[in-house]
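Only one structure is covered here, and it is reproduced in the block below.
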Amino acid sequence: MGNPAPGQPSQQDWILGDTDAIIQLLACDKLSLLKVLRSQYGILTVIPEPVEIELRNLVKNRRFQDVHQRLTKAFNNGLLTILQEAALSPLVGVNTHEAFERIERLGEKFRRLGVGSGEAYAHAAGIELSLPVLSNDGKAINVLMAY
Amino acid sequence: MANGATLPGPFLRTFDVLVFGRQIAVLDDNDCDKARQELTKRNEGITSCFVGRSFADGLQNFNPRLIDGAAPIIGATHPMHPYDSRRLIVCAK
C-alpha cells in the first residue's frame, strides 16, 4: 500500500456514504460532523456516483428542497467526495481500473437484487476496498448477506 | 455467492455520527435531540431506540459503532444489535 499525499488522509481513512444517511445528516443540519471527522481524524467521506445522483435528485423534491444549498456546498468544498477510479491507487496499487470495474459489476449485481442503487454501490465499494459504510438500511445489508 | 456477500462493515448509521459528535463534545444532548426531532418531523426512519424518546433516553439503549478511542464512552455498553460488534474506533490526529 502506498503512502497518501502529504496532508491527505490515507484510503484506509475513508467512510463510504450512502444516500439515506447523508440526506439525514443534511436534513438535521449536522453534516458538519463529517467535517470534524475529516479535519480532526483524517477521515474522508466518499460517495459512489450513484449516491451523488440520488442525493441531487432528492434535493429537487419538495421534501428536501430546503437542504439543496447545504448539499451543493458539501460537494463544492469537498466534504463529500465522489469515488473515482484514479483515487484508488493508494489502496489497490496500479490496478485501479480493475478494482473500479469490480465495484461497478458488484454494484450492478446488488442493484439487481432489489437493493437501492446508492446502497448497492456503497456496499460494493465497501467490499472491494474493505471500508466502513455509512448507511441506515439494515434491510439492504440483510438482503446482500442472504442472497 | 450462494451464501451471500461478505460485507466487511462496520455499518454506521446516522445516529452513530450524531452520538460520535456527542461523545467528543462537539454536540450536547440538546443538539442531538433537535436533530432527532427534525428527522422525526420529516418522517425519516430513525434508529428504534430513539423513536418516541428523547436523545438522552434513547442513548441508554444505543451501542455506538463509531467511537473516539480516547474519549469517554457513552451509550449502551453491550451490543444491542448483531452489527454493533463491528465498530470503527478512531483517534484524533
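Protein chains get the first letters and strands the later ones, always in sequence-line order, with residue 1 at the start of each.
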* Pick whichever of B:Ala92, B:Ala35, B:Gly45, B:Gly9 has the most heavy-atom pairs under 4.5 Å with chain A. => B:Ala92

* Asked: B:Phe55 vs B:Phe50 aromatic rings, parallel, tilted or perpendicular, using cut-offs 30° and 60°?
  -> parallel

* To do: Could you tell me which of B:Glu44, B:Arg36, B:Glu38, B:Gln37 has the largest number of non-hydrogen atom pairs under 4.5 Å with chain A?
  => B:Glu44

* To do: Against chain A, label B:Val17 side chain, backbone, both or neither, depending on which of its atoms sit under 4.5 Å from a heavy atom there.
  => both

* To do: Please look at A:Leu16 and chain B and tell me whether the side chain, the backbone, both or neither of the residue comes under 4.5 angstrom of a heavy atom of that chain.
  => neither

* To do: Would you check if there is a donor-acceptor pair between the side chains of B:Thr14 and A:Asn136 at a distance under 3.5 Å?
  => yes

* Distance-only side-chain donor-acceptor flag, A:Glu104 / A:Tyr121, under 3.5 Å -> no

* To do: State yes or no: do B:Leu39 and A:Leu33 share one hydrophobic cluster built from I, L, V, M, F, W and Y residues joined by side-chain heavy-atom distances below 4.5 Å, directly or via other members?
  => yes

* To do: Could you give me the CA-CA distance, side-chain angles and deciding distance for B:Tyr83 and B:Asn63, then say whether side chain to side chain donor-acceptor pair (under 3.5 Å) is met?
  => CA-CA 10 Å; B:Tyr83 301 143; B:Asn63 188 229; over 6 Å; no

* Relative to chain A, which segment of B:Leu7 carries a heavy atom at a distance below 4.5 Å: side chain, backbone, both, or neither? -> both

* With hydrophobic residues grouped by side-chain heavy-atom distances under 4.5 Å, do B:Leu18 and B:Met80 end up in a single group? -> no

* To do: Examine A:Ile15 and A:Leu71 and state if one hydrophobic cluster contains both, with Ile, Leu, Val, Met, Phe, Trp and Tyr joined whenever side-chain heavy atoms are less than 4.5 Å apart.
  => yes

* To do: May I ask you to name which of B:Asn43, B:Ile24, B:Thr47 has the most heavy-atom pairs under 4.5 Å with chain A?
  => B:Ile24

* To do: Side chain from CB out, backbone as N, CA, C, O: work out which of these in B:Leu27 comes under 4.5 Å of a heavy atom of chain A, or both, or neither.
  => side chain

* Asked: What part of B:Arg86 gets closer than 4.5 Å to chain A, counting heavy atoms only: side chain, backbone, both or neither?
  -> side chain

* Please look at A:Asn142 and chain B and tell me whether the side chain, the backbone, both or neither of the residue comes under 4.5 angstrom of a heavy atom of that chain. => both

